[in-house]
Amino acid sequence: MLRHRNEYPVEGTIPRFDGATAWLNSPPLTPEDLSGCVVLADFGTYTCINWIRSLPYVRAWARKYTDKSLVVVGIQTPEFEFEGELDNVERALKELDVRYPVVVDNGYAVWEAFDNHYWPALYLADAQGQIRHHHFGEGEYEESEMVLQMLLRAAGADVDQGLVDIEPEGVEAAADWAGVGSGENYVGYGRAYGFASPGGAVPDERHVYSAPAQLGRNQWALSGAWMIGLVPARLDEPGGSVSYRFHARDLHLVMGPPLRRGPVRFRVLLDGEPPGPARGVDIDEGGNGTADYQRMYQLIRQPGPIVDRLFEIEFLDPGVEAFVFTFG
């Protein structure tokens with residue numbers, strides 16, 4: 001149940017969006033531009049599955065309330081270096097149908113001004129520029145929208161009681177949390193766990209890896225000639241692969257060729273067979289796909305029941321960099 005307006009105390013003044021690397025979908029917005037408007041500031045980065053799953057609600061609010069004096073500002077603060085490349089950001093936001101103003105925050109200036117620590121993070125400021133509500137992570141969309149409506153009414157807007165009614169689809173669909181038995185796992189040696197190739201990782205050197213005969217849940221392995229760096233692992237010749245035993249409905253991999261490199265074809269197997277109806281949105285039923293730039297690829301969506309499965313991806317071309325597995 002929504003609390004009374006006075007029970008959402010002032011958390012501070014919304015910072016200026018100074019220090020942005022670039023603005024997309026809008027010229028830079030100043031405090032004067034935002035004066036008298038309710039502001040929704042939404043931190044994300046375009047490969048983050050948690051932000052992607054929250055995006056349908058922010059997008060719907062932007063469409064519903066923009067003519068009620070709401071200004072939505074997305075802040076894209078990169079986790080990985082490639083997420084700061086404007087060509088990548090512009091392409092990803094277009095594919096995700098983000099039309100509201102977006103700050104590209106490569107230097108973390110806006111992130112630090114908000115003292116933010118999370119993707120996604122949502123802040124709501126009233127028409128006087130005072131932050132009245134925040135939410136970190138996914139969920140609580142109904143409360144956030146009701147606070148938004150409350151702030152708009154306080155600013156004089158005529159807003160009805162109804163909430164947006166959406167059913168996110170594809171990669172934006174809510175996670176099947178009850179079935180998730182695998183957590184986010186990085187491929188670079190800086191934050192990886194469960195690496196099971198015999199002999200372990202050889203940091204920052206090209207090395208020929210192999211997969212063990214069997215993987216336990218949340219163990220993974222490389223095969224072929226890879227260079228495992230602090231953040232990504234890079235494959236410079238065709239035929240290399242990654243194997244991962246996981247437990248979740250969805251499996252995603254942030255990967256792709258660096259900017260201005262050619263596309264990389266790949267093939268996915270699930271328990272040694274083409275995934276068929278368990279395919280993710282970025283492959284066909286035969287498991288075939290192409291990575292043409294660095295982003296998050298949904299490779300598996302199981303129809304159920306959810307059990308431990310062996311995922312394998314073989315790259316048919318050189319040049320791919322792999323960053324992180326996520327699940328849902």
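- Not one N or O on the side chain of Gln149 forms a donor-acceptor pair closer than 3.5 Å with the backbone of Met146.
- In terms of hydrophobic clustering, with Ile, Leu, Val, Met, Phe, Trp and Tyr side chains grouped at heavy-atom distances under 4.5 Å, Leu270 and Phe266 are assigned to a common cluster.
- Arg153 places no side-chain N or O within 3.5 Å of a backbone atom of Ala157 that could act as its donor or acceptor partner.
- Within the 4.5 Å cutoff, side-chain heavy atoms of Gln298 are placed close to those of Asp250.
- Using a 4.5 Å cut-off between side-chain heavy atoms of Ile, Leu, Val, Met, Phe, Trp and Tyr, with links allowed through other members, Ile14 and Tyr65 fall into different hydrophobic clusters.
- A donor and an acceptor atom, one from each side chain of Asp42 and Trp51, are located under 3.5 Å apart.
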(request) Start with the C-alpha distance between Phe246 and Leu310, add both sets of side-chain angles, then the distance that settles side-chain contact (heavy atoms from CB on, under 4.5 Å), and finish with yes or no. (result) CA-CA 7 Å; Phe246 74 103; Leu310 177 63; over 6 Å; no

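- Side chains of Tyr297 and His252 form no contact here, defined as non-hydrogen atoms less than 4.5 Å apart.
- His135 NE2 to Ser54 OG: the interatomic distance, rounded to the nearest 0.5 Å, is 8.5 Å.
- A distance of 9.0 Å separates OH in Tyr100 from CG in Asn25, rounded to the nearest 0.5 Å.
- The ring-ring contact (aromatic ring centres under 6.0 Å, His included) check on Tyr57 picks up Tyr141, with sequence neighbours excluded.
- Residues Ile75 and Val89 fall into different hydrophobic clusters, defined by Ile, Leu, Val, Met, Phe, Trp and Tyr side chains chained together at heavy-atom separations under 4.5 Å.
- Under 4.0 Å is where a charged nitrogen must lie from a carboxylate oxygen, and between Lys94 and Glu90 no such pair does.
- Side chain of Asn50 to backbone of Glu138: no donor-acceptor contact under 3.5 angstrom is found.
- A pairwise comparison of heavy atoms in Tyr123 and Ala121 identifies CE1-CB, 3.9 Å as the closest pair.
- In this structure, Asp87 and Arg260 have side chains that are in contact, with non-hydrogen atoms separated by less than 4.5 Å.
- Using the six-membered ring where Trp is involved, Trp111 and Phe43 have ring planes that are perpendicular, over 60° apart on the 30 and 60° scheme.
- Put simply, the side chain of Glu83 gets close to the backbone of Glu79: a donor and an acceptor are under 3.5 Å apart.
- Cluster annotation: Val103 and Val72 are assigned to distinct hydrophobic clusters (Ile/Leu/Val/Met/Phe/Trp/Tyr, side-chain heavy-atom contacts under 4.5 Å, transitive).
- How far CD of Gln214 is from OG of Ser243: 12.5 Å, rounded to the nearest 0.5 Å.
- Considering all non-hydrogen atoms of both residues, Val264 and Pro318 come closest at CG2-O, 3.4 Å.
- Checking Trp220, Phe325, Tyr189 one by one against Phe195, the ring-ring contact (aromatic ring centres under 6.0 Å, His included) holds for a single residue, Trp220.
- Two rings, from Tyr244 and Phe311, have their centers 6.0 Å or more apart.
- Residue pairs meeting the side-chain hydrogen bond (donor to acceptor under 3.5 Å, both in side chains) criterion with at least one partner in residues 156-179, sequence neighbours excluded, are Arg59-Glu172.
- In this structure, the separation between CG on Leu152 and OG on Ser69 is 7.5 Å, given to the nearest 0.5 Å.
- Between Glu237 and Arg206 the shortest side-chain heavy-atom distance falls below 4.5 Å.
- A salt bridge between Glu314 and Arg265 is absent, with no side-chain N of the basic residue lying under 4.0 Å from a carboxylate O of the acidic one.
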(request) Test side-chain contact (heavy atoms from CB on, under 4.5 Å) on Leu86 and Val104 and set out the steps. (result) CA-CA 8 Å; Leu86 288 181; Val104 180; 3.9 Å; yes

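- Counting heavy atoms from C-beta outward, Arg91 and Asp292 have side chains that approach closer than 4.5 Å.
- If you take CD1 on Ile300 and CG on Leu251, they are separated by 6.5 Å, rounding to the nearest 0.5 Å.
- You'll find the side chain of His247 reaches within 4.5 Å of the side chain of Ile306, heavy atoms only.
- Between Ala196 and Leu215 the shortest heavy-atom distance is CB-CD2, 3.7 Å.
- The pair Arg261-Asp317 fails the salt-bridge criterion, with no side-chain N (NZ, NE, NH1 or NH2) lying under 4.0 Å from an Asp/Glu carboxylate O.
- No side-chain donor-acceptor contact under 3.5 Å links Arg309 to the backbone of Gln302.
- Summarising the geometry of Asp105 relative to Val110, their closest heavy-atom pair is OD1-N, 3.0 Å, with the distance given to 0.1 Å.
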(request) Please step through side-chain contact (heavy atoms from CB on, under 4.5 Å) for the pair Leu122 and Phe136, ending with a clear verdict. (result) CA-CA 6 Å; Leu122 178 149; Phe136 302 140; over 6 Å; no

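- Without hydrogens or angle criteria, Glu184 side chain to Thr326 main chain gives no donor-acceptor distance under 3.5 Å.
- Residues Val38 and Leu148 come closest through the heavy atom pair CG1-CD1, 3.9 Å.
- When all heavy atoms are compared, the tightest approach of Gly286 to Pro274 is O-CB, 3.7 Å.
- Ser197 contributes no side-chain N or O that, together with a main-chain N or O of Gly200, makes up a donor-acceptor pair within less than 3.5 Å.
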(request) Report the C-alpha separation of Val73 and Val102 in whole Å, then their side-chain angles, then the decisive distance to 0.1 Å, and conclude whether the side-chain contact (heavy atoms from CB on, under 4.5 Å) test is met. (result) CA-CA 6 Å; Val73 180; Val102 172; over 6 Å; no

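- With hydrogens and angles left out, the side-chain atoms of Asp126 and Tyr8 include no donor and acceptor closer than 3.5 Å.
- When atom types are taken as modelled, the side chain of Trp23 and the backbone of Ala20 share no donor-acceptor pair closer than 3.5 angstrom.
- Within 6.0 Å of CD on Glu11 lie more than 12 heavy atoms contributed by other residues, nucleotides or ligands.
- Panel note: side chain Tyr108, backbone Pro78; a donor-acceptor pair is recorded below 3.5 Å.
- Counting heavy atoms from C-beta outward, Val171 and Ile52 have side chains that approach closer than 4.5 Å.
- Trp119 CH2 to Gln76 CD: the interatomic distance, rounded to the nearest 0.5 Å, is 10.5 Å.
- In this structure, Arg234 and Trp226 have side chains that are not in contact, with every pair of non-hydrogen atoms separated by 4.5 Å or more.
- Side chain of Ser182 to backbone of Asn218: no donor-acceptor contact under 3.5 angstrom is found.
- Under a hydrophobic clustering in which Ile, Leu, Val, Met, Phe, Trp and Tyr are joined whenever their side-chain heavy atoms come within less than 4.5 Å, directly or via other members, Tyr186 and Ile313 fall into the same cluster.
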